[in-house]
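Below you'll find the structure, written out as structure tokens, and then a few comments.
Values reported hereafter were calculated over all heavy atoms of this structure, with side chains retained and with hydrogens, waters and symmetry mates removed.
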Amino acid sequence: MKRWILATCLGSLLTLGGCAGARVGVYARTAPPPMRVENYGPAPGPMYVWVEGFWGWSGGSYNWNPGRWAVPPRGRRNWTPGRWDRRGDRYTWRDGRWR
């Protein structure tokens, strides 16, 4: 009986710990600057895909995060870039993802 209770508590803590890492929404009151044009050379290998840079919000201002070459996760091939969506008087960031 004690083992079952301990296992249940441990499972609950692990589940909550996984939720703690979930991304909280990022909001800004001003529109992001125009996207930067990035020049990049050939891919470092046949499996690499270009992941575009983006404007992130930190410390009350936008900061440019440069693009990079990345190997997609298994079963994925295309990168859908993140974007800023306008919602009322603020802008909300939506993360990019692999498809």
Side-chain angles (χ1 to χ4, degrees):
M1 180 68 169
K2 287 183 180 182
R3 284 187 181 179
W4 181 82
I5 293 171
L6 180 62
T8 302
C9 290
L10 183 59
S12 298
L13 287 173
L14 290 173
T15 302
L16 289 174
C19 293
R23 184 177 173 99
V24 177
V26 177
Y27 304 101
R29 295 271 184 207
T30 58
M35 289 295 291
R36 287 188 178 175
V37 176
E38 295 183 296
N39 295 319
Y40 52 91
M47 300 295 293
Y48 285 79
V49 173
W50 180 253
V51 175
E52 296 176 5
F54 62 94
W55 288 106
W57 180 260
S58 178
S61 65
Y62 286 101
N63 301 298
W64 180 252
N65 296 285
R68 61 186 167 78
W69 288 105
V71 176
R74 187 175 179 168
R76 312 284 185 194
R77 289 186 291 191
N78 299 314
W79 174 253
T80 302
R83 68 177 190 264
W84 287 97
D85 291 333
R86 185 175 185 169
R87 293 191 180 175
D89 64 343
R90 63 184 177 180
Y91 293 82
T92 305
W93 174 249
R94 297 187 65 180
D95 283 332
R97 63 186 177 135
W98 291 102
R99 291 185 166 222

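For W55 against P32, the heavy-atom pair with the smallest separation is CB-CB, 4.4 Å. Minimum interatomic distance between G82 and W93 (heavy atoms only, all atoms of both residues): C-CH2, 3.4 Å. Minimum heavy-atom separation, W98 to A70: CZ2-CB, 4.0 Å.
Residue R97 holds its CZ atom at 6.0 Å from OG1 of T80, rounded to the nearest 0.5 Å. Rounded to the nearest 0.5 Å, atoms CZ (R29) and OH (Y91) are 11.5 Å apart. Note that the CZ atom of R76 and the CZ atom of R99 stand 9.5 Å from one another [nearest 0.5 Å]. Rounding to the nearest 0.5 angstrom, the gap separating the CZ atom in F54 from the CG atom in D95 is 7.5 Å.
For Y62 and W84, the gap between ring centers is short of 6.0 Å.
No donor-acceptor pair under 3.5 Å is formed between the side chain of W64 and the backbone N or O of M35.
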### Message
For T92 and W57: C-alpha separation, side-chain torsions, deciding distance, then whether side-chain contact (heavy atoms from CB on, under 4.5 Å) applies.
### Response
CA-CA 10 Å; T92 305; W57 180 260; over 6 Å; no
Donor-acceptor pairs under 3.5 Å, side chain of residues 43-53 to any protein atom, not counting sequence neighbours: which ones?
none

